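What you are looking at is a predicted structure, and each value in this text was computed from that prediction instead of being measured.
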Amino acid sequence: MSTTIESPRAIDVCWDGVDLPSLAQKLGTPCHVYSASSIRQRIGALQTALRGLDALVCYAAKANSNVAILQLMAQAGFGADIVSAGEMRRSLRAGIPAQRIVFSGVGKSADEIVEALAVGVARFNVESEDELHLLQRLAAERGVIARAAVRVNPDVDALTHAKISTGKSENKFGVGIDEARRWFAASAQLTHVRLDGLHVHIGSQMLDLDPIRIALQRVADFWRELIGAGHAINSIDVGGGLGVCYRADRDRPIAIEDYVAAIRHALTGFDGRILLEPGRWLVAEAGALLTRVIRVKQGRQRCFLVTDAAMTELLRPSLYDAWHEIVPVTREPRPAQTYDIVGPVCETGDAFAVDRELPRCEAGDLLMIRTTGAYGASMASNYNSRPLAAEVLLDRGRYAVVRRRQTFEDMLAGEQSVQEWENA
Ligand SMILES: *Cc1c(COP(=O)(O)O)cnc(C)c1O
């Protein structure tokens, strides 16, 4: 209790040239802020690392699907990796051309496939034989050729949280190499699907390069085997999953140069196009959630900081036990105190941090939850009838509201009392 926490760095008060306390005052809280400069920096670093490769970055839209964020990707010439028709429409609206959109996901519906064929997406990352046959049938009915890749599940442990591991054989994603081999052997029967790509994505928030190397090696071995058997492989999609720093004292992200070097090494001699699908790495550290302390509640055993943000704005702590840095947005030094930082939602799991030491807070204080640019707003919900929070883009001293706070009427749009019963 006697130690004093140093005042946070200036960035905590002013970010991308914007004064956060006055922004919060003007726009209200909770509110997501994203630094356009930070996102552009990541985009630039990735482009530099990829120099000389025939590579297309397809940003994983699910990480943050705000149209303004997708526009930053479009402006950089990036494409999008989508997992629903909704993400496809958002990407198109942001100006990402269909020829740069790849469609992933285990549950693409017939309607979604039809829509993607109609707009002419670059390719389908196919995750099951049933989907492959559906794609063939729907493309044939329309007299078009669908480009497709098989999503290979290389059975590699990504060494990340179980809920974001996707590349083990027990996970629902992709198909084993044995099955993929059979697809290629039978591909002559696919009159309306050109199966000429491989895809792999083994998990998210990866901080260790070894599983990535192993997965890439398995895919590269398979590519060499396939071309040896006379199949053309025109593109290899290495997925996303690159981790970021949530916790400065613990997370050591993979350097982008090392990641790209691993891709270059594994795919030496490959003369097709390499696709990459980073999501989190491009946007996570560029975002923060601004929230105000509603009250300090001293329980019998613990002291709770109740904030106006909840699991509805940032689900990661509840869903993955994720750790986010939380700092008061003030330069004032204050004595330290230990808190559980919780939201107002009626769930015990609605907590951002347990036993967290912070400078002492009081009602009305502004806090910033950091590294929320990915899987923050895109996972939001209206649970407890809480309106979706505003999202704001910051850019060198200017800001723009890129999603206004949902109103009560917005939230109820489409909901109605029974007007008339239909006979079933
Ligand atoms: C989620 C996802 C990504 C992006 O993952 P990140 O960890 O955000 O980089 C890429 N590809 C596929 C197929 C995904 O499902």
Practice task
Count the heavy atoms of every other residue, nucleotide or ligand shown that sit under 6.0 Å from CG of N423, and state whether that count exceeds 12.
Solution key: no

Problem - Heavy-atom neighbours of E170 CD exceed 12 at 6.0 Å - result: yes

Exercise for the section: Just do the salt bridge (Lys or Arg N to Asp or Glu O under 4.0 Å) check on D221 and R218 with the steps written out, would you? Expected result: CA-CA 5 Å; D221 289 347; R218 290 192 185 159; over 6 Å; no

Rounded distance (nearest 0.5 Å) linking atom [atom1] of [X] with atom [atom2] of [Y]:
X: L216; Y: H265; atom1: CG; atom2: NE2; value: 10.0 Å
X: I294; Y: F304; atom1: CD1; atom2: CZ; value: 14.5 Å
X: W281; Y: L276; atom1: CH2; atom2: CG; value: 10.5 Å
X: I341; Y: D350; atom1: CD1; atom2: CG; value: 12.5 Å
X: L50; Y: I256; atom1: CG; atom2: CD1; value: 7.0 Å
X: I69; Y: H32; atom1: CD1; atom2: NE2; value: 11.5 Å

Distance-only polar pair, side chains of [X] and [Y], donor-acceptor under 3.5 Å:
X: D308; Y: T29; answer: yes
X: R151; Y: N153; answer: no
X: N382; Y: Q406; answer: yes
X: R273; Y: S235; answer: no
X: Y34; Y: E391; answer: yes
X: D355; Y: T338; answer: no
X: H324; Y: R316; answer: yes
X: S84; Y: E112; answer: no
X: E277; Y: H199; answer: yes

Of all residues at least two apart in sequence or in a different chain, which pass the side-chain contact (heavy atoms from CB on, under 4.5 Å) check with [X]?
X: P211; value: V156, L159, I202, D208
X: T48; value: R51
X: D251; value: Q205, L207, C245, Y246, R247
X: Q419; value: Q416, S417

Could you tell me if the side chain of [Y] sits less than 4.5 Å from the side chain of [X], heavy atoms only?
X: F222; Y: R181; result: yes
X: V193; Y: I145; result: no
X: V219; Y: I177; result: no
X: L117; Y: F124; result: yes
X: K168; Y: D155; result: yes

Under the rule for ring-ring contact (aromatic ring centres under 6.0 Å, His included), what residues qualify as partners of [X], not counting sequence neighbours?
X: W223; answer: F270
X: H161; answer: Y320
X: F184; answer: H231

Looking only at heavy atoms, which two atoms of [X] and [Y] are closest? And how far apart?
X: G79; Y: I96; value: CA-CG2, 3.7 Å
X: D16; Y: S37; value: OD1-OG, 2.7 Å
X: V152; Y: A180; value: CG2-CB, 4.4 Å
X: S204; Y: T160; value: O-OG1, 2.8 Å
X: V260; Y: A49; value: CG1-O, 3.3 Å
X: E131; Y: G105; value: OE1-O, 3.8 Å

Counting only N and O atoms by type, is there a donor-acceptor contact under 3.5 Å from the side chain of [X] to the main-chain atoms of [Y]?
X: S378; Y: A374; result: no
X: Q136; Y: T191; result: yes
X: E415; Y: L412; result: no
X: S38; Y: A286; result: no
X: N64; Y: G373; result: yes
X: Y399; Y: V33; result: no
X: T307; Y: V342; result: yes
X: H192; Y: A139; result: no
X: N66; Y: A68; result: yes

Practice task
State which residues pass side chain to side chain donor-acceptor pair (under 3.5 Å) with Q99; sequence neighbours excluded, sorted by chain then number.
Solution key: none

Fill in the blank from the handout: Taken in chain and number order and not counting sequence neighbours, the residues that satisfy side chain to side chain donor-acceptor pair (under 3.5 Å) with R142 are none

Handout entry: For L305, the option from V293, I326, T291, D340 that meets side chain to side chain contact (heavy atoms under 4.5 Å, CB included)
Key = V293

Exercise for the section: Mind running salt bridge (Lys or Arg N to Asp or Glu O under 4.0 Å) on D196 and R123 for me, showing each step along the way? Expected result: CA-CA 10 Å; D196 66 352; R123 70 174 194 171; 5.4 Å; no

Practice task
Tell me, please, which residues at least two apart from E347 pass salt bridge (charged side-chain N to carboxylate O under 4.0 Å, His left out).
Solution key: none

Practice task
With sequence neighbours excluded, tell me which residues meet salt bridge (charged side-chain N to carboxylate O under 4.0 Å, His left out) with R405.
Solution key: none

Handout entry: Stepwise salt bridge (Lys or Arg N to Asp or Glu O under 4.0 Å) test for E285 and R370
Key = CA-CA 7 Å; E285 292 180 32; R370 304 186 74 167; over 6 Å; no

Practice task
Evaluate side chain to side chain contact (heavy atoms under 4.5 Å, CB included) for L290 paired with L367, printing each intermediate quantity in order.
Solution key: CA-CA 6 Å; L290 299 179; L367 302 180; over 6 Å; no

Exercise for the section: Run the salt-bridge test on E127 and K172 with the 4.0 Å N-O cut-off and return the result as yes or no. Expected result: no

Practice task
Sorted by first residue and then second, give each salt bridge (Lys or Arg N to Asp or Glu O under 4.0 Å) pair with at least one member in residues 75-102; sequence neighbours left out.
Solution key: R89-E115

